[in-house]
Amino acid sequence: MISFNFYSPEQKISLPDWQNKSIHVSVKRDDMIHPFISGNKWRKLKFNVEEALAQNKKHLVTFGGAWSNHILATACAGATFGFKTTAFLRSEEGINNPLIAMCRLFGMNLIYINRADYKDKRFLFNTHFGRDSQAYFIDEGGHGALGSKGCEEIITSLNETYDHIFCACGTGTTVAGIQQAVSVSGLKTEVHGIPVLKGGGFIQDEIQKIHPNNKPVTLHTEYHFGGYAKTKPELLQFVEKFVSYTGIMIEPTYTGKLFFAINDLIAKNYFKQDARILIIHTGGLTGFLGMYERFNLDLDQ
């Protein structure tokens with residue numbers, strides 16, 4: 001097995017608006033796992049990397065957009081554990097940004113793919129690497145059963161029990177693993193997902209594909225703010241307020257929507273008195289670099 005020690009505490013937090021609410025909120029600080037292989041990115045890569053090693057593969061091949069934290073995590077994991085890495089980048093040829101530059105520094109090869117061709121990832125893999133016996137396929141975002149297996153360890157590592165556990169959802173892999181671990185452990189915890197894409201109800205189907213026998217996750221589909229990587233002023237204002245008050249960095253694409261949703265549910269008295277709530281911070285903070293210009297930050301202060 002690979003060796004990768006890290007620290008991910010459960011940190012209690014409270015915002016001023018919560019002072020009169022009889023609730024207890026903690027954050028699972030998976031963002032502290034690693035600067036680049038952080039949060040659920042490491043959780044979803046762990047067993048994929050171990051499987052690649054078991055199959056004597058030396059080349060990790062994956063997929064993502066121009067600001068994909070999963071691609072960056074894969075690039076860094078490859079450098080850390082001795083793999084060659086390639087990513088199919090859903091982007092125009094030649095585009096560059098700080099995240100792409102970091103991927104290149106970690107030694108990753110990037111193949112630019114238009115949106116139409118990008119849809120069939122298995123075809124892309126087979127076309128480019130079908131004859132490469134060293135190549136190992138990792139789906140976009142680490143989606144799949146092995147990615148979910150890694151996320152189960154979020155629950156088995158907890159020091160306390162909770163009435164509710166929340167995480168942001170893109171593919172459904174993380175929340176599927178959390179629900180699986182809750183079910184296997186016999187916990188009564190209610191698992192919640194905050195889809196960051198418009199029409200996020202499909203995530204329930206994705207969860208069931210991975211673990212078909214588990215009860216459905218509670219999805220709150222109204223916090224997408226227009227769709228993936230879309231924002232609105234109230235979301236950006238909340239992110240600024242939350243970060244400045246707690247010292248915990250979040251970004252608008254995933255974690256910002258997650259914490260906004262919980263804040264809104266608390267304001268609406270969604271939770272019973274003395275409810276114990278855990279929020280999974282899934283990392284991915286370099287995504288802020290692609291969004292910072294949307295904030296009304298005074299750079300002259």
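FYI, side chains are in, hydrogens and waters are out, and symmetry mates aren't considered; it's all heavy atoms of this structure. Just so you know, these numbers come straight off a predicted model, no measurement behind them.
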Assign the ring pair His192 / Phe166 to parallel, tilted or perpendicular, where the plane angle (0 to 90°) is split at 30° and 60°.
-> parallel
Would you say Arg276's side chain and Thr161's backbone share a donor-acceptor pair under 3.5 angstrom?
-> yes
Check whether any side-chain N or O of Thr174 sits under 3.5 Å from a backbone N or O of Cys151 as a donor-acceptor pair, and report yes or no.
-> no
Distance from Ile165 atom CD1 to Thr218 atom OG1, nearest 0.5 Å?
-> 12.0 Å
Checking side-chain contact (heavy atoms from CB on, under 4.5 Å) against Lys241, which of Asp17, Thr246, Leu236 comes through?
-> Asp17
Is the number of heavy atoms from other residues, nucleotides or ligands within 6.0 Å of NZ (Lys149) greater than 12?
-> no
Lys215: what forms a side chain to side chain donor-acceptor pair (under 3.5 Å) with it, not counting sequence neighbours?
-> none
With the side chain counted from C-beta on, respond yes when Thr74 and Phe106 share a heavy-atom pair under 4.5 Å apart, and no when they do not.
-> no
In terms of heavy-atom contacts, does NZ of Lys84 have more than 12 from other residues, nucleotides or ligands at under 6.0 Å?
-> no
Verify the distance criterion only: is there a donor paired with an acceptor across the side chains of Gln204 and Gln208 at less than 3.5 Å?
-> no
Please indicate whether Phe123 has more than 12 foreign heavy atoms, meaning atoms of other residues, nucleotides or ligands, lying under 6.0 Å from its CZ.
-> no
Polar side chain donor-acceptor pair, Thr173 to His143, under 3.5 angstrom | yes
Hey, are Ser8 and Asp30 close enough side-chain-wise for a donor-acceptor pair under 3.5 Å?
-> yes
For Gln180, which of Asn214, Ile207, Asn213, Ile155 qualifies under side-chain contact (heavy atoms from CB on, under 4.5 Å)?
-> Asn214
Tyr254 six-ring face occupied by Lys41 cation (under 6.0 Å, within 45°) | yes
Should the heavy atoms of other residues, nucleotides or ligands under 6.0 Å from CD of Glu92 be counted, would the total exceed 12?
-> no
Over all heavy atoms of both residues, which pair between Lys57 and Ser133 is shortest? Give the atoms and the distance, please.
-> NZ-O, 3.0 Å
Identify the residue among Phe81, Tyr136, Phe83 that makes a side-chain contact (heavy atoms from CB on, under 4.5 Å) with Leu53.
-> Phe83
